[in-house]
> 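Below you'll find the structure I mean.
Atoms considered below: every heavy atom in the structure, side chains included; atoms not considered: hydrogens, waters and symmetry mates.
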Amino acid sequence: MDLSILWYLVPSVIMFVCGVYGFITRKNMVAILISLELMLNSADLNFVIFNRFLFPGSMEGMVFTLFAIAIAAAETALAIAIIINIYRSIGSTEVTETNKLKH
Amino acid sequence: MDITLPILILALPIAMFLILGIGGVKMSRKVAGVLGILGMGTTATLAYIVAFTYFFSGNPDFIIDGVRLQYQVFDVTWLAFTQKLIVNIGFLLDPISAMMLVVITTISFLVHLYSWGYMEHEPGFQRYYAFLSLFSFSMLGLVVATNIFQMYIFWELVGVSSYLLIGFFYKLPSAVSASKKAFIVTRFADLGFLIGILILSYYTDTFNFINLTSNPEAVLTSTGGATFMGASVLTWAMVLIFTGGMGKSAMMPLHIWLPDAMEGPTPVSALIHAATMVVAGVYLVARMFPVYCVVDAAMTFICVVGAITAFYAAVVACAQIDIKRVLAFSTISQIAFMMVSLGVAYDRPIEGVHYAGLGYMAGMFHLFTHAMFKALLFLGAGALIHAVHSNNYTAMGGLRKYMPITHWTFLIGCLAIAGIWPFSGFFSKDEMLAAMFARHWFWGAWMTMVAGLTAFYMFRLYYLIFWWEENPHYKEHKPHDAPWQMSLPLIFLALVSCVAGFIPFGELVTWDGVPYHIHIELPVAATSLSVAVIAILLATKMYRVKNDLPTKVKNFWPTLWEAAHRRFYWDEIYQFVVHKIIFGIICRSIAWFDRHVIDATMDGMAKVTNVASNSIKGMQSGNVQAYVIWFFLGAVALAGITWLCLV
């Protein structure tokens, strides 16, 4: 028995909503970064799912996913570097402390 | 003809302008002065060579069977805007441009030399020479223009250099306002000139003078009988072109700038506001003469404007105290004389008696002689001002013993302008009056009267300066003749004024190139001569020795004297029109509209933006997670809207 597309999409949505929830509620920047990665991975998962179900003969979705993972790795490295710098200058990684950039 | 000399005639003065203008501050006065004089002297020599080649070489380019031709030395495309609208730049040689080359370079050279003495102690000496070179370049470019657009460009350039030179003493408020006045009035007139050029070239498809003037009938038919407000389009075009000439040549009612232009240095007045630039209007009419000939209405307009201006300026000149103002009004009057002379000229024989282009030839002849003797008078006035440090004749009187050279040369200038045989003015004025009488006795009689007035006010000026009574101030500060740099041009111009009348001018300059043999019209000559002599005798009686006759005459009708002294209130009229009507009524309502409608719209938009952004700026809280919530809600809303649209 083949699983329908919903079996794949629902976990992806759950993953995404978890990411959004974590992003909004957590105060630690590293935790926010992890939530961000969660959302990104759910999007990657969608690429693979739709490629598998809509265009089974081609590979674009897969390639795109690999590409996105590579970019996400670079992005994470950058974000971590920024967070370390913030920690060095203000001694904290709480997102509520970094609200100087405003009206 | 080789194009080297003509190119050099234009290139030398502009090069001198750049050298003196850029490097002048680093040079000593002596170097700058000598450079300027040498540059202009070389230009004058080259211009003489070109003019003599044109007139006397017998080259078939210039003369065939005794008929002088118009010859374009070069004529290159300069600005090609579209297929049809092409502006050329070139060098046209014909009798009048060759004559003007001689006049401009001669006077300009003498003025350069004279200024060396006159401006010796003025600050900005180098700048002054640079401006003189710029003016010479512009004026030379104007007279050799091959097309009307090139003429217009140089026309504006002479306006600019005139502005710069009138305002040379830029620390004097009167000089600054005089320069602005000159520029604005002539610029206003040039607007008419430009519109006229555009109308004319729209119908004829050409700017070129030779194309326009060689076949005036074709110009007439090209408009196809189009009319505007009751007059033919061609009449409008020619009258509007003449308006430009009215501004430059100070014809009524655009004459108001010229008397004020006397605020500039006196040699500048001699060069620009007496001899060369102000005759540009006459030159323009002469240049377009064949076209004017087929437009009778425009010719009549020129005549009427000239006749009124000549009389008005002559009357005003009788009641001025400033000697330069007298000369300025005399210039206006004499230029108007030339205008009338051109205006009465027929291109057809009149009753088989007179050759058609007599008025044209006479006007050009007078332009030539007037340039010489008026420059002489102005330079003489400069020597007087140099000696007594005042422009008013009240500071002079009895100067003949102290300044003999200035006295004799000034007297020759006065005799020439009064039209006494054998000085140059007699010959040219006689030809002009003959042309006017040939057209209609009225023009002749009117202008003879003006000639009489001319003789009167010039000799009034002469006696008040050199006779009358000695000014007591001479005991403290003894006036003396000017240094050689200033005396030499005076003597030279006086000699020219003595002999220029005997130049066979009709053989050289005529409107169609066919020589005309000047013969003195005896009745006309006798009339004008006797009128001039009577006027001079009257002036002698009134002003030779100090007496109370002038006061009596003045008190006989003081209102008239006051009105003439105040130039018949033209400046006040302009002041009223500009300040009360234009500024007070028209500009005020426009300013109201600008402030309350245009500015208010812009201010309102800015205010709305300001209020709107102030009210929502709290959203930028600096809290990243709040942004994410907004972003998420936005994405959900967009998804919802998309969903609704699709279903």
> So does A:K102 have more than 12 non-hydrogen atoms from other groups sitting under 6.0 Å from NZ?
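No, because the 6.0 Å sphere around NZ of A:K102 holds 12 heavy atoms or fewer from other groups.
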> Is the count of non-hydrogen atoms from other residues, nucleotides or ligands lying under 6.0 Å from A:R26 atom CZ greater than 12?
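Atom CZ in A:R26 is not crowded, with 12 or fewer foreign heavy atoms closer than 6.0 Å.
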> Which region of A:T96, side chain (C-beta onward) or backbone (N, CA, C, O), has a non-hydrogen atom less than 4.5 Å from a non-hydrogen atom of chain B, or is it both or neither?
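Looking at A:T96, nothing touches chain B.
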> Does B:F632 have more than 12 heavy atoms from other residues, nucleotides or ligands lying within 6.0 Å of its CZ?
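Atom CZ in B:F632 is not packed in, count stays at 12 or less.
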> More than 12 non-hydrogen atoms from neighbouring residues, nucleotides or ligands closer than 6.0 Å to CZ on B:F169, yes or no?
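Above 12, so yes.
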> Please classify the contact of B:F631 with chain A as side chain, backbone, both or neither, using a heavy-atom distance under 4.5 Å.
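No part of it gets close to chain A.
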> Would the distance check show the side chain of B:Q625 and the main-chain N or O of A:I24 forming a donor-acceptor pair, the cut-off being under 3.5 Å?
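Judged by distance alone, yes, a pair lies under 3.5 Å.
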> Give, as side chain, backbone, both or neither, the part of A:L101 having an atom under 4.5 angstrom from any heavy atom of chain B.
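Looking at A:L101, just its backbone touches chain B.
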